[in-house]
Protein chains: 2
Amino acid sequence: MVDDLLVTRPIAEASLRRLPLYHRYLETLKAQGAKYVSCPEIGLALKADPTQVRKDLEAAGITGRPKVGYELDVLLAGITDFLGWNNTNEAFLVGAGHLGEALLGYPQFSRCGLNIVASFENDPAKIGTRLRGKEVLAIETLPELARRMHVHIGIITVPATAAQKIADLMVEGGIRAIWNFAPVQLVLPQDVILHNEDLYCSLASLSRKLADLLRREAQVKHLKEQTAVSAAYLEGGFF
Amino acid sequence: MVDDLLVTRPIAEASLRRLPLYHRYLETLKAQGAKYVSCPEIGLALKADPTQVRKDLEAAGITGRPKVGYELDVLLAGITDFLGWNNTNEAFLVGAGHLGEALLGYPQFSRCGLNIVASFENDPAKIGTRLRGKEVLAIETLPELARRMHVHIGIITVPATAAQKIADLMVEGGIRAIWNFAPVQLVLPQDVILHNEDLYCSLASLSRKLADLLRREAQVKHLKEQTAVSAAYLEGGFF
DNA sequence: GTTATATAGAGAAAAATTTATCGATATATT
DNA sequence: AATATATCGATAAATTTTTCTCTATATAAC
């Protein structure tokens, strides 16, 4: 009973990560003038199991109608709502390098409830300038500003060696969640959320998939050659 | 029997993604002069279950010794080996914008078996220049070059609207795995690996964790206030 | 109106993943 | 030398996640 109030509706991390994909696909459907959509249709487009799609939507508290599917507008609104994209979270970004600028340039973050309000730098040459329309401020000013402005999210796009220092400043400023793009394991208080975006881990996954694919193909090729050799023997009348 | 040859040792995606984290931590240990390491130690440092660490290492085919743990050098070599970081994969990167430049600047990709050999662009102003020491080539030249150089990996860092066209060119060039940073669902032949790096999905996960945290805290605060009120009533002698 | 059909909804089954347990073993200590 | 202890290795249990199956329902076709 009380638990319902204490936490948001529980959902598997994997489901949560699929919902934005559905949302994106549904928007393209809407742009094409569609009014209704079914789970099999979504599954087909996104190469996902239809039942899984249905379970994900169920987890997000969205219902449809048998034989009809889901009303597109209701579904889009439901996902938006469930993901909290109506409420904006303000964020500070630290590290006005290329990655930082790329993130500031991401067009749709604001529509996903993320508003990067300023960026911070160490480099005096950059401080005081503007990046993608956002002020570049001195890193020392972060803690106080974060407190004053009640900014809850910090994004770290500095080199690995500097990341822990930045994280400490963020914690000092009362930041509650850190989106870390630096390849280091940050040490944080228990009540601060750490979300690592680690491209090396991602690369490991990609590399292995490719290695599997290439190995499989090499094996198939090898088997084919063997078969060809056997066939040649047969043709030659060895048996 | 034959299956052993057909595919690499099977491993859970989640395990695979943890191995680079272990590797990174182990390198810092090695730098500190350590010779041996145990699963509980790794687990403690990386906030992972020790049994899970052991299972991951087992999946990678690495063995240790009871009571002692793992020899650091053997363990590092084992992970490197398992992840295929000894063999280099060459890659083409398309989209010489900020994200592309950030990726080209990632210091350690080469140590993880990824060698980005060139980048490609649409913008004539950029073509012919160099980015992080790598040539910026015209996008039309990609298919032939990919074939000639046997490049197997394509990295897409162009805007969403251009991504599918780029993917098609990559497929035309015989590229086997695409690391896609654009927020679109690419349509590819079945035998081409697609690895999406979708920050919006990642953001959804972060946002929800934060929302949960803040809601929980608000609830706790509310309960405390209620308790305080009750206490006041009690003090006032209402009962 | 009746029948056929596609799809949500609900629950069960299966698969995968994580966590716990216990015995075996190598080292350190007494 | 005997004992204690930490950790691997293997197995089992628990949990989570995915997939399957069946039923009910809304629409369309006849």
Side-chain angles (χ1 to χ4, degrees), chain A residues 3 7-19 21-22 25-26 29 34-76 78-79 82 201 204-205 208-209 212, chain B residues 3 7 9-19 21-22 25-26 29 34-76 78-79 201 204-205 208-209 212:
Chain A
D3 285 332
V7 293
T8 41
R9 179 190 287 264
I11 185 172
E13 170 89 7
S15 294
L16 189 56
R17 283 177 167 269
R18 281 188 295 262
L19 286 172
L21 300 180
Y22 303 158
Y25 171 64
L26 296 173
L29 275 191
K35 294 281 176 235
Y36 290 90
V37 63
S38 71
C39 291
E41 191 178 349
I42 298 174
L44 205 65
L46 270 48
K47 289 179 187 160
D49 186 275
T51 311
Q52 186 176 66
V53 176
R54 198 168 306 122
K55 282 258 186 275
D56 289 342
L57 298 183
E58 187 189 324
I62 300 162
T63 63
R65 280 190 303 168
K67 168 79 179 175
V68 182
Y70 299 82
E71 199 177 331
L72 199 42
D73 287 329
V74 173
L75 187 44
L76 274 167
I79 294 177
F82 180 78
C201 297
S205 165
R208 168 144 288 248
K209 285 186 211 162
D212 277 349
Chain B
D3 285 332
V7 293
R9 181 189 285 264
I11 185 172
E13 169 91 8
S15 295
L16 189 56
R17 283 175 169 270
R18 281 188 294 263
L19 287 172
L21 299 181
Y22 302 157
Y25 171 64
L26 296 173
L29 275 190
K35 293 280 176 236
Y36 291 89
V37 64
S38 71
C39 290
E41 192 178 348
I42 298 174
L44 205 66
L46 269 50
K47 287 177 187 162
D49 186 275
T51 310
Q52 186 176 67
V53 176
R54 198 169 307 124
K55 282 252 182 279
D56 289 342
L57 298 183
E58 188 190 324
I62 300 162
T63 62
R65 281 192 300 170
K67 168 80 179 179
V68 181
Y70 300 81
E71 199 177 331
L72 199 42
D73 288 329
V74 172
L75 187 44
L76 274 166
I79 295 177
C201 297
S205 163
R208 167 144 287 249
K209 285 186 211 161
D212 277 350

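A, B, ... follow the sequence lines: proteins, then strands. Residue 1 opens every chain.
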Checklist entry - Hey, what do you get for CG (A/Leu75) to CG (A/Leu26), rounding to the nearest 0.5 Å? => result 5.0 Å
Next on the checklist: Suppose we screen for salt bridge (charged side-chain N to carboxylate O under 4.0 Å, His left out). Which residues come up paired with B/Arg17, at least two apart in sequence or across chains?
Outcome noted: B/Glu13
Got a list of side-chain donor-acceptor pairs under 3.5 Å for residues 56-69 of chain A, not counting sequence neighbours?
unit_1	atom_1	unit_2	atom_2	d
A/Asp56	OD1	A/Ser15	OG	2.7
A/Asp56	OD1	A/Arg18	NH2	3.1
A/Asp56	OD2	A/Arg18	NE	2.7
A/Asp56	OD2	A/Arg18	NH2	3.4
A/Asp56	OD2	A/Tyr22	OH	2.6

Checklist entry - What is the 5' to 3' range of DNA chain C, first to last nucleotide, that sits under 4.0 Å from any heavy atom of chain A? => result C/dT5 to C/dG11
Item to check | Distance in angstrom units between A/Glu58 CD and D/dT18 P, rounded | outcome: 14 Å
Next on the checklist: Rounded to the nearest 0.5 Å, what separates atom CD1 in B/Ile11 from atom CG in B/Leu16?
Outcome noted: 5.5 Å
Next on the checklist: Taking the six-membered ring of A/Phe82 as reference, does the cationic atom of B/Arg208 (NZ for Lys, CZ for Arg) lie under 6.0 Å from its centre and within 45° of its axis?
Outcome noted: yes
Pair up each side-chain donor or acceptor in residues 40-49 of chain B with any protein partner under 3.5 Å, not counting sequence neighbours, and list the distances.
unit_1	atom_1	unit_2	atom_2	d
B/Asp49	OD1	B/Thr51	N	2.8
B/Asp49	OD1	B/Thr51	OG1	3.3
B/Asp49	OD1	B/Gln52	N	3.3

Checklist entry - A/Arg54 CZ to D/dC22 C1': how many Å, rounded? => result 12 Å
Item to check | Nearest heavy-atom neighbours spanning A/Cys39 and A/Pro50 | outcome: CB-O, 3.7 Å
Item to check | Residue met sooner reading DNA chain D from 5', once A/Asp56 and B/Lys55 are mapped to nucleotides | outcome: B/Lys55
Checklist outcome for this item: So CG of B/Leu19 and CD1 of B/Ile79: to nearest 0.5 Å the spacing works out to 5.5 Å
Item to check | Contact letters for nucleotides 24-30 of chain D, in which S counts primed atoms plus P, OP1 and OP2 and B counts the base, heavy atoms under 4.0 Å | outcome: -BBB---
Checklist entry - Among residues 37-52 of chain B, which contact DNA chain D at a heavy-atom distance under 4.0 Å? => result B/Ser38, B/Cys39, B/Pro40
